[in-house]
Novice: 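Dropping the structure in here first, questions after.
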Amino acid sequence: MSRPEPQAGPQAPPLGVHVFTDDDRIREAARSLPTARYVVTYSETAPDAIDEVRKTRPAVAVLELRVGDYGGFALAKDIHALPSMGNLPLVMLCDRPHDRWLCHQAGAQQVIVKPLPDPMALLVALDAILAPAL
C-alpha cells in the first residue's frame, strides 16, 4: 500500500527586504535573493530609507555602514522610532570587524563584515533572522 504524497500548502507571500547601500556589490547580492521568498527595495540616502521603510513596511532592513559613518547607526535608531517598526530586524554591513559590537548595540540581529565573503552571506543572514516566517 503506497502512502499519498504530502501536499504542499499555499506558498507564503515573499517578505519585504529594504537595502540601504550605495555599494554595487551589495546591490548585486540583494538582486540574487530568491524572488519567491524576498521582495527587495533599495535606497542610497537616509531620508529615502526612512520613506521607503515607512511606505513598504519590510520584514527586515539591511543597512550598510562605511568607515566613520555613524549616520548608519542613527538611521537604525530612526527606523526603529517609526510607528510599529520598533522591532524591525536589522542586518548591518560594516567595514571593520571590530565594529560588529557597535552594530549589535545599534540593534542588528546579524552583522556581516564587508566585503561580502560570498553573495550567499546575505541570504544566510536573512534566513537566520526570518526562518520562522519562511
Side-chain angles (χ1 to χ4, degrees):
M1 182 182 232
S2 66
R3 300 182 98 172
E5 290 290 321
Q7 296 293 319
Q11 175 115 7
L15 298 171
V17 176
H18 184 72
V19 179
F20 169 70
T21 186
D22 62 359
D23 186 325
D24 289 335
R25 293 168 296 183
I26 295 168
R27 284 181 182 274
E28 188 61 35
R31 279 192 284 274
S32 72
L33 293 171
T35 57
R37 287 172 29 204
Y38 298 111
V39 173
V40 183
T41 57
Y42 301 92
S43 64
E44 289 188 23
T45 68
D48 288 345
I50 295 290
D51 288 344
E52 196 65 34
V53 167
R54 186 180 287 126
K55 181 174 70 174
T56 64
R57 311 199 73 65
V60 65
V62 178
L63 307 178
E64 176 198 10
L65 305 176
R66 293 165 287 276
V67 173
D69 178 18
Y70 290 97
F73 296 111
L75 177 59
K77 180 180 174 185
D78 290 346
I79 286 173
H80 280 152
L82 293 171
S84 72
M85 290 285 111
N87 293 322
L88 179 68
L90 300 176
V91 174
M92 291 183 141
L93 301 134
C94 61
D95 288 315
R96 303 176 299 190
H98 59 276
D99 284 340
R100 280 185 257 192
W101 182 82
L102 292 171
C103 291
H104 284 294
Q105 291 300 109
Q109 283 78 15
Q110 294 283 317
V111 179
I112 301 171
V113 178
K114 301 183 306 179
L116 288 177
D118 174 331
M120 292 297 292
L122 184 56
L123 178 61
V124 169
L126 292 173
D127 285 350
I129 291 174
L130 299 172
L134 295 175

Novice: Using the rule that two of Ile, Leu, Val, Met, Phe, Trp, Tyr join whenever any of their side-chain heavy atoms come within less than 4.5 Å, decide whether L123 and I26 are in one cluster.
Specialist: yes

Novice: So L33 and V40, do their side chains get closer than 4.5 Å, heavy atoms only?
Specialist: yes

Novice: Does any part of the side chain of I50, heavy atoms only, come nearer than 4.5 Å to the side chain of I79, both counted from C-beta?
Specialist: yes

Novice: Step by step, would you call H18 with S43 a side chain to side chain contact (heavy atoms under 4.5 Å, CB included)?
Specialist: CA-CA 8 Å; H18 184 72; S43 64; 2.7 Å; yes

Novice: Please list, chain by chain and in numerical order, all residues satisfying side chain to side chain donor-acceptor pair (under 3.5 Å) with T56, sequence neighbours excluded.
Specialist: none

Novice: Applying the 4.5 Å side-chain criterion to the ILVMFWY set and letting contacts propagate, would I112 and L130 be lumped into a single cluster?
Specialist: yes

Novice: In this structure, are over 12 heavy atoms from other groups packed under 6.0 Å from R25 atom CZ?
Specialist: no

Novice: Find the distance between NE2 (H104) and CE (M92) and round it off to the nearest 0.5 Å.
Specialist: 10.0 Å

Novice: For H80 and N87, indicate whether the former's side chain and the latter's backbone hold a donor-acceptor pair under 3.5 Å.
Specialist: no

Novice: Rounded to the nearest 0.5 Å, what separation is found between the CD atom of Q109 and the CD1 atom of I129?
Specialist: 5.0 Å

Novice: Indicate yes or no: at least one non-hydrogen side-chain atom of L88 is less than 4.5 angstrom from one of V53.
Specialist: yes

Novice: Given side chains that start at C-beta, do those of L90 and V60 come closer than 4.5 Å, heavy atoms only?
Specialist: no

Novice: Kindly give the heavy-atom pair with the smallest separation between A59 and P89, and that separation in Å.
Specialist: O-CD, 3.2 Å

Novice: According to a hydrophobic-cluster definition based on side-chain heavy atoms being under 4.5 Å apart (Ile, Leu, Val, Met, Phe, Trp, Tyr only), do L102 and L75 belong together?
Specialist: yes

Novice: Does some side-chain heavy atom of L65 sit less than 4.5 Å from a side-chain heavy atom of C103?
Specialist: yes

Novice: Applying the 4.5 Å side-chain criterion to the ILVMFWY set and letting contacts propagate, would V124 and L15 be lumped into a single cluster?
Specialist: no

Novice: Rounded to the nearest 0.5 Å, what's the gap from CZ on F73 to CD on Q105? Could you check?
Specialist: 10.0 Å

Novice: Check whether R37 reaches the backbone of P34 with its side chain - one donor and one acceptor, N or O, closer than 3.5 Å.
Specialist: no

Novice: Without hydrogens or angle criteria, can the side chains of D22 and Y42 be said to hold a donor-acceptor pair below 3.5 Å?
Specialist: no

Novice: Working to the nearest 0.5 Å, report the span between SG of C94 and NZ of K114.
Specialist: 8.0 Å

Novice: I'd like to know whether Y38 forms a side chain to side chain contact (heavy atoms under 4.5 Å, CB included) with D127, so could you lay out the CA-CA distance, the side-chain angles of the two residues, the decisive distance to 0.1 Å, and finally the verdict.
Specialist: CA-CA 10 Å; Y38 298 111; D127 285 350; 2.6 Å; yes

Novice: I'd like to know whether CG of D118 has more than 12 heavy-atom contacts from other residues, nucleotides or ligands below 6.0 angstrom.
Specialist: yes

Novice: Apply side chain to side chain contact (heavy atoms under 4.5 Å, CB included) to residues L116 and L93 and explain how you reach the verdict.
Specialist: CA-CA 8 Å; L116 288 177; L93 301 134; 3.5 Å; yes

Novice: Is there a side-chain contact between V111 and V91 in this structure, where contact means two heavy atoms from C-beta onward sitting under 4.5 Å apart?
Specialist: no

Novice: Could you check E64, E44, R27 and say which one makes a side-chain hydrogen bond (donor to acceptor under 3.5 Å, both in side chains) with T21?
Specialist: E64

Novice: Mind checking whether L126 and V62 have side chains closer than 4.5 Å, heavy atoms only?
Specialist: yes

